[in-house]
Student: 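Would you mind keeping the following structure in view while I ask a few things?
Note that the structure is predicted; figures quoted are calculated from it, not measured. Throughout, protein chains are lettered first and strands after them, A, B, ... in sequence-line order, and every chain is numbered starting at 1.
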Protein chains: 2
Amino acid sequence: MLTRRMLSSAAHVAKNTPDHGRVLTVDKLSPAILNAEYAVRGELVIRAGKLESEGRKIIYCNIGNPHQLGQKPITFFRQVLAATQYPELISSSGLAEDAKARAAEYLANIPGGTGAYSHSQGIPIVRKQVADFITARDKVAAKADPEEIFLTDGASPGIQRVLSLLIDPTLPFSSKAATGKARKHGILIPIPQYPLYSASITLLGGAQVGYELDEERGWELSIDSMKKQVTAARAQGIEPRAIVVINPGNPTGQCLSAQNVAEVINFAEQEGLVVLADEVYQVNTYRADRPFVSFKAEAVKNKSHVELFSFHSVSKGVLGECGRRGGYFECYNIDGAVKEQLYKLASVSLCSNVDGQIMTGLMVQPPKKGDPSFAQYNAEVSELYASLARRAKTLTAALDGLHGMSCNFTEGALYAFPQVMLPAKAVAAAKAAGKNPDTFYCLQMLEETGICVVPGSGFGQKNGTFHFRTTILPQESVMSQVVEKIANFHNSFIKKYE
Amino acid sequence: MLTRRMLSSAAHVAKNTPDHGRVLTVDKLSPAILNAEYAVRGELVIRAGKLESEGRKIIYCNIGNPHQLGQKPITFFRQVLAATQYPELISSSGLAEDAKARAAEYLANIPGGTGAYSHSQGIPIVRKQVADFITARDKVAAKADPEEIFLTDGASPGIQRVLSLLIDPTLPFSSKAATGKARKHGILIPIPQYPLYSASITLLGGAQVGYELDEERGWELSIDSMKKQVTAARAQGIEPRAIVVINPGNPTGQCLSAQNVAEVINFAEQEGLVVLADEVYQVNTYRADRPFVSFKAEAVKNKSHVELFSFHSVSKGVLGECGRRGGYFECYNIDGAVKEQLYKLASVSLCSNVDGQIMTGLMVQPPKKGDPSFAQYNAEVSELYASLARRAKTLTAALDGLHGMSCNFTEGALYAFPQVMLPAKAVAAAKAAGKNPDTFYCLQMLEETGICVVPGSGFGQKNGTFHFRTTILPQESVMSQVVEKIANFHNSFIKKYE
């Protein structure tokens, strides 16, 4: 995705300086670094930045970054955050009483306030709030335990840290591998997937083992397909160690049924795989008959011995507080000595940022009925829920209705992932231009409409199919324009190459 | 440092659950993870947490965490931060006019405000403020360039990212190594060093090449000693790729002269080493005739072709905003294609936290003479400077005056690193207890005084010598107690074992 040529032309990269026989040159970097790809902020975005710097208006649909597209923060959360940072506000008149009380509660429980390094695993009171939230959410027999929670700078660094436990980059070379067979640690990831996974697995020196989601059945996942992939990987000398499930799906938007979740847990336990449950979109569901079901809840209900990490974030949901970098992961049935290593790794980085930790606490314990801020909070959140559901419907229905495009309904998360049936001539033209056909299509969309989406090849897609990912995040006042612009572009593109 | 036994007894680690033939167990983790050590939050701190949970009063001198020990945040910085988070405050009466204006300026220049992911390299206006600060600080011909600045979640993640470019963990096993000789990428680090370096180098699969600082000459660094270490490393099949210099020194507190800085640059250029200049304590200097001189300034002045990364942070200086996790690094003479890879790695993690980025902007562009907040800012900062200088002097003079202890004056940074002449009987008693002698000493100090320091073995020390690191951060009202308690403990310890 991120080709050197594109990057060199980008505004953000400093001009190269003349070479004096440098020590640090790209040919000396490890292949793992060079081979890592991250499309969500790759070629398309760099081109968009260029166009924007030339005065073009760009609508960024490449990334789930709600505030960038005008989503407003939740008032209560920001009042608490401001008061924890400037405690004099607690005695001012401008903030709600419950916001001030919550800020005072945090400050009384965080030694040194927001300016001090916290406990490396995360502020105890926030970890307790997270555990209480999980207990209330899952309604299962076992209570969640604050000691099983690690607070992180968003979900991504937690995912990367857990993956680093599961992949030993020296495995292919180590003495254990003296069998003559190439060996690598493998991680099962959905195809399509969120490219944090592919990039991190590559950076860590592991192997991706992709299991395809079935687009024709609403991106359903199939245990049979997973089994086949595990068997095939083992035959190639790959040791699968974990399976990643993104639920609700990114970029695919499906919500798993409780039965599906239980099947994955059972499969993982049988195959000796750790489960990484990426549940950052757990609040973003748009189909009443398909509510979010957590892996933790199903694991407890089924008395499973599966080893599970589940991830959550303040960046999505109704907060969209991406810039804060807050999140957590919960450990379920993880070996105590392994958690010690996780603690040690966290301590090397000292702690995650305290504002992000506080925002995590607020996310899981928002105002309750009867609190002074509840009415406003409820109004803000309800309107946003309803609007996101409308946007998901408007966008996917419109895209699905186009000639040469099909699009599943977005049941959850913040994206649509339509398939584009590219005419053979378009594929040939892309090849002649040295581009993936989907990248070729998305670049033209960007040039003609100013809308920045991400090509499906950045996420992985069934061979011979072409997709793009767009967020459902443009404000409703803009959404009809976005739909119209994409439709007009698409129709003329198809006409041109058909 | 961080032994499994100690960790298991710690309050923060959840009890182990019974083993059902787990997939993820410590014996399956990579040796790199198992071997990494981080003493600053290791055994001593875990024991201190235990004592605290039993009701003991602990004074944490193990870590440069100023607010934890009562240092107050700078009012102007917190006002701006609060207003960027809750922009309604910009029209309130409780904040200074220039704080509100600065908040408005940031919000006008950050698309989506503090809740949106920012540019992966860092918010452009903040990078410009950093560049302007460097230009003003260094007073050299060349202006600093915002495109050479990367904003980070504190200095640590930036250091780890740069180290990841310099160490290929598969080198010892790769085809390049088919010479029959063991090969590893090596990083020169001072002895004593800050254990982020040793831990990160181990985690990345590299080799530490230590160069000793000369305690008898005020922790002077010697180019001759560096040369010998590089030669010896090469003879062992280690490829030294970079040198780390911490200036002012952590844990050692020395400030390098301009001549010394120039010598290191020259040495690195000759030996083909990249320089990592850890300059997070650049503002914390306490000797008028030894001002801070940056590596960047000397490199420019000497028209050097050295490749240099320099690191700064909001956690130290007069801010002490550790919990914010803000910082930056500047690239000097780094290959453009390598910077593209740095950008790509930053984009996989999306961005550093926006509050930390804003705090970085505030650190480098505080109120100026004539601004409404200047008088208050100046008073807060001047008092803090003077107090830190007094505390450095009080503490080091007192420790140096003890029988069986010597301590260099703290010229810079936030620590003292006294040497303890442990009697042979104490060393024997430590060995009998299965402890490093310095750990044995520090644990007894903790039990008897409630003061938590870090044993010198966590930083590295000349063989046969024993030290501990303590911060100079206890408030002045507490410092005399701290000094007295350490003195009483030390005298009775020496008496007991002499």
Student: From Tyr332(A) OH over to Phe309(A) CZ, what is the distance, rounded to the nearest 0.5 angstrom?
Tutor: 13.5 Å
Student: Give the minimum heavy-atom separation between Leu34(A) and Lys344(B), together with the two atoms involved.
Tutor: O-NZ, 3.2 Å
Student: Chain A heavy atoms under 4.5 Å from Leu89(B): which part of the residue, side chain, backbone, both or neither?
Tutor: side chain
Student: Could you give me the CA-CA distance, side-chain angles and deciding distance for Gln85(B) and Asp355(A), then say whether side-chain contact (heavy atoms from CB on, under 4.5 Å) is met?
Tutor: CA-CA 10 Å; Gln85(B) 273 161 5; Asp355(A) 297 339; 4.0 Å; yes
Student: Looking at Gln357(A), Arg324(A), Gln68(A), which one has more heavy-atom pairs under 4.5 Å with chain B than the rest?
Tutor: Arg324(A)
Student: What are the two closest heavy atoms between Cys351(A) and Arg325(B), and how far apart are they?
Tutor: O-NE, 3.2 Å
Student: Any salt bridge between Arg22(B) and Asp335(A), counting N to O under 4.0 Å?
Tutor: yes
Student: Using non-hydrogen atoms only, which part of Ser118(A) is less than 4.5 Å away from chain B: side chain, backbone, both, or neither?
Tutor: backbone
Student: How close do Ala199(B) and Ala36(B) get, heavy atom to heavy atom, and via which atoms?
Tutor: O-CB, 4.0 Å
Student: Rounded at 0.5 Å granularity, tell me how far CZ in Phe150(A) sits from CZ in Arg161(A).
Tutor: 9.0 Å
Student: Hey, what do you get for OG1 (Thr25(B)) to CG (Leu165(A)), rounding to the nearest 0.5 Å?
Tutor: 11.0 Å
Student: Can you tell which of Gly154(A), Ala83(A), Ser92(A), Ser120(A) has the highest number of heavy-atom pairs within less than 4.5 Å of chain B?
Tutor: Ser120(A)
Student: Checking Gln71(B) now: which residues fulfil side-chain hydrogen bond (donor to acceptor under 3.5 Å, both in side chains) with it, not counting sequence neighbours?
Tutor: none
Student: Is Ile110(A) in contact with chain B via its backbone, its side chain, both, or neither, using a 4.5 Å heavy-atom distance?
Tutor: neither
Student: Answer yes when Lys339(B) and Glu148(B) have at least one side-chain N-carboxylate O distance shorter than 4.0 Å, and no when they do not.
Tutor: yes
Student: With respect to chain A, which residue among Gly112(B), Gly115(B), Ala82(B) yields the maximal number of heavy-atom pairs within a distance under 4.5 Å?
Tutor: Gly115(B)
Student: Below 4.5 Å from any heavy atom of chain B, which atoms of Leu273(A) appear? Answer side chain, backbone, both or neither.
Tutor: backbone
Student: Between Ile358(B) and Thr84(B), which heavy-atom pair has the shortest distance, and what is it?
Tutor: CD1-OG1, 3.9 Å
Student: Counting heavy-atom pairs under 4.5 Å with chain B, which one of Pro66(A), Gly272(A), Pro31(A) comes out on top?
Tutor: Gly272(A)
Student: Can you tell which part of Ile63(A) gets under 4.5 Å to a heavy atom of chain B, answering side chain, backbone, both or neither?
Tutor: side chain
Student: Out of Val306(A), Val274(A), Thr114(A), return the one with the most heavy atom pairs under 4.5 angstrom to chain B.
Tutor: Thr114(A)
Student: Select all residues of residues 73-80 of chain B having any heavy atom within less than 4.5 Å of some heavy atom of chain A, and report them by number, or 'none'.
Tutor: Thr75(B), Arg78(B), Gln79(B)
Student: If you round to the nearest 0.5 Å, how far is OH of Tyr343(B) from CD of Gln121(B)?
Tutor: 8.0 Å
Student: What distance separates Ile149(A) CD1 from Cys331(A) SG, expressed to the nearest 0.5 Å?
Tutor: 7.5 Å
Student: Quick check: do Lys72(A) and His67(A) have side-chain heavy atoms less than 4.5 Å from each other?
Tutor: no
Student: Chain A: which of Leu24(B), Leu196(B), Ile33(B) shares the most heavy-atom pairs with it under 4.5 Å?
Tutor: Leu24(B)
Student: Report the option among Glu269(B), Gln160(B), Met359(B), Arg241(B) that has the most heavy-atom pairs separated by less than 4.5 Å from atoms of chain A.
Tutor: Arg241(B)
Student: For Ser164(A), is it the side chain, the backbone, both, or neither that has a heavy atom closer than 4.5 Å to a heavy atom of chain B?
Tutor: both
Student: So which part of Leu69(A) gets closer than 4.5 Å to some heavy atom of chain B, the side chain, the backbone, both or neither?
Tutor: neither
Student: Using a cut-off of under 4.5 Å for heavy-atom pairs, which of Val354(A), Leu95(A), Asn353(A) has the most such pairs with chain B?
Tutor: Asn353(A)
Student: Which atoms of Pro157(A) come close to chain B, meaning under 4.5 Å heavy atom to heavy atom: side chain ones, backbone ones, both, or neither?
Tutor: neither
Student: Tell me, side chain or backbone of Glu321(A) under 4.5 Å from chain B's heavy atoms, or both, or neither?
Tutor: both
